[in-house]
Amino acid sequence: MFFKTIAFLLAINVQYSTESYSVKHFPQKVDHFGVQITNGIESLYRQRYIVIDDFCPYPVELQKLGRPPSKEDIERLDPRNHTIFFYTGGHGSIEEFYNSSGFVLDLAEYYGALVVFAEHRFYGESFPFGGDSFFDQSNLFYLTVDQAVADYANLIFEVKFDQVMLDAKVITFGVGYAGSLAAYMRFKYQPLVSGALASGAPLQMPTNFTSRTLFWEHVTKVYEEVPQIGPEVKLRIRRAFKEIYELHIYGPQGYTSITKKFHLCNPLNEDNYDQLLYSIRNVFAQMALHNYPYDVDEYPKMSVYYTAAIVHYAPTDVQGLVDLVYWYYGIEEHDCFDPNEVFQLCADPTGCLNGTDGVAWAFQNCWELNTVIGSDEASGMFPNLPWTDEDRTAHCDKTFDLPTSQRHQWFGVSYWGSHTSSASNIIYTNGLLDPFYGTGLIDTSTSDLAKVGSMENAGHGLDLRAPVEGDGMEEYREIELELIGQIIDGTFPAS
């Protein structure tokens, strides 16, 4: 199988964007654990999902029949030899995950699998209460991980029935939060899900994870390791934030100086000082999360290297930060900078999305997800911007008119936190350039699992993105392809 694998990987196209897919809607339950009644019937909503059947010969052959399949047809085509690859959508529209998961399609081509990308409730266009989903805040109580994974389990049954693949094995995939959901599907629904690949999944975060500054520590490390200029860039950033702090403690005169240096639209003061720091720190977080060996949307190739150079070649330390925020937020040289306009602090200090997706993600982080991540100057290059449970609760109480702090422990209890590793057949992959590295799980039971658990030169979810020549992922994707085969064959993990 080794030489077959190599030949397949070499044949992969640079980009995977030609496959046709169908967008479908499934009448999904609003509440899986109670009864939500509307006009005398159980409440349902239209959950979006994408289906790609280009690589699965079984449903394709059935369509060619032009009639209901006979028992002989089913025996001849044998659905037990086929697999469903199911992407558990996270906090965004399902097209975003489809467009950033080209390797899942490559795996499907190799194994002849049907591919499904399912949209998470309250994201994209999958709104349990239609246009009123966000109008009445009490509707958000149906936005839980328990409900989301139950949606996926219910949808898997629908797909199996719709595609006449009742005996097909199911393997779940995801990156980040979606990767956590992929693992939880195997953890919660083992008879239904045969295995999972969780990439960059911060599975330790729901527990009483001690290193709550780890994300920002790792962003610092990624910048520090930029060839040739990294150590100096780290020092310049630290000195710049220190200079801003020293001006801040001088009071009005210092605030006036900072206002001039950043050409702020509104005078800086004690009340909006932290907002300026948050807006600067956010740039480094987004660069580290989109640090790929090619351009992705508005992010340049190796975005950490690119922005490190901006800081490195600036005439002064503070000017490096000024140049950086003006470039990232698209501010013209002669325009002013308004931190309140470009960045809004939410319950996830690494940033929320815009629109209803941002509201949903903010609520999830208030309600049950534990992304309590603060920075301090002792453990990285960023200023002291703590974010404790108390900070989160105070912020959420102002944002939502709901008792949002009552489920903070439930998520760790229901999904066992880092003990999710007690479930079998889960492939945990983590990139050393991912800011979330260290918050995920690493399986060292075999050398192959250990390798993909700490992938060198890999950013957030790079392994599941469409392969590009020279992206450095060839060895790791080869291992992942083999491990998926072991799950299908029932031999995982093979030593």
Between Ile310 and Leu324, which heavy-atom pair has the shortest distance, and what is it? CG2-N, 3.9 Å
Could you report the tightest heavy-atom contact between Ala118 and Tyr49, atom names first, then the distance? CA-CB, 4.0 Å
Thr259 (side chain) donor-acceptor with Leu268 (main chain) under 3.5 angstrom: yes
Member of Glu119, Gln47, Gln147 meeting the side-chain hydrogen bond (donor to acceptor under 3.5 Å, both in side chains) criterion with Gln28: Gln47
Can you tell which of Asn430, Asp463, Asp434 makes a side-chain hydrogen bond (donor to acceptor under 3.5 Å, both in side chains) with Ser199? Asp463
Interatomic spacing from [atom1] in [X] to [atom2] in [Y] - rounded to 0.5 Å:
X: Tyr255; Y: Tyr250; atom1: OH; atom2: OH; answer: 13.5 Å
X: Lys242; Y: Leu247; atom1: NZ; atom2: CG; answer: 12.5 Å
X: Tyr278; Y: Asn272; atom1: OH; atom2: CG; answer: 13.0 Å

Would you sort out whether Phe129 and Asp136 count as a side chain to side chain contact (heavy atoms under 4.5 Å, CB included), showing the intermediate values? CA-CA 9 Å; Phe129 299 93; Asp136 183 348; over 6 Å; no
Between [X] and [Y], is the ring centre distance below 6.0 Å?
X: Phe127; Y: Phe134; answer: yes
X: Tyr292; Y: Tyr299; answer: no
X: Trp387; Y: Phe215; answer: no
X: Tyr123; Y: Trp361; answer: no
X: Phe284; Y: Phe382; answer: yes

No-hydrogen, no-angle side-chain donor-acceptor test under 3.5 Å, His91 and Asp357: no
Any luck finding a side-chain donor-acceptor pair between Tyr142 and Ser133 under 3.5 Å? no
Glu95 bridged to Arg48 by N-O distance under 4.0 Å: yes
Output yes when Arg239 and Glu246 qualify as a salt bridge under the 4.0 Å nitrogen-oxygen rule, no when they do not. no
The test is side chain to side chain contact (heavy atoms under 4.5 Å, CB included); show your working for Leu155 and Phe86 and say whether it passes. CA-CA 10 Å; Leu155 180 56; Phe86 191 97; 3.9 Å; yes
Are any of the side-chain heavy atoms of Leu449 and Leu483 separated by less than 4.5 Å? yes
Report yes if some heavy atom in the side chain of Leu264 is under 4.5 Å from a heavy atom in the side chain of Leu276; otherwise report no. yes
Please say whether the positively charged group of Arg121, taken as NZ for Lys or CZ for Arg, lies over the ring of Tyr45, i.e. under 6.0 angstrom from the six-membered ring centre and within 45 degrees of the axis. no
Residue pair His120, Phe97: steps toward the side chain to side chain contact (heavy atoms under 4.5 Å, CB included) verdict: CA-CA 11 Å; His120 195 298; Phe97 298 103; over 6 Å; no
Identified side-chain contact (heavy atoms from CB on, under 4.5 Å) partner of Thr439 from the options Ile373, Leu203, Leu214: Leu214
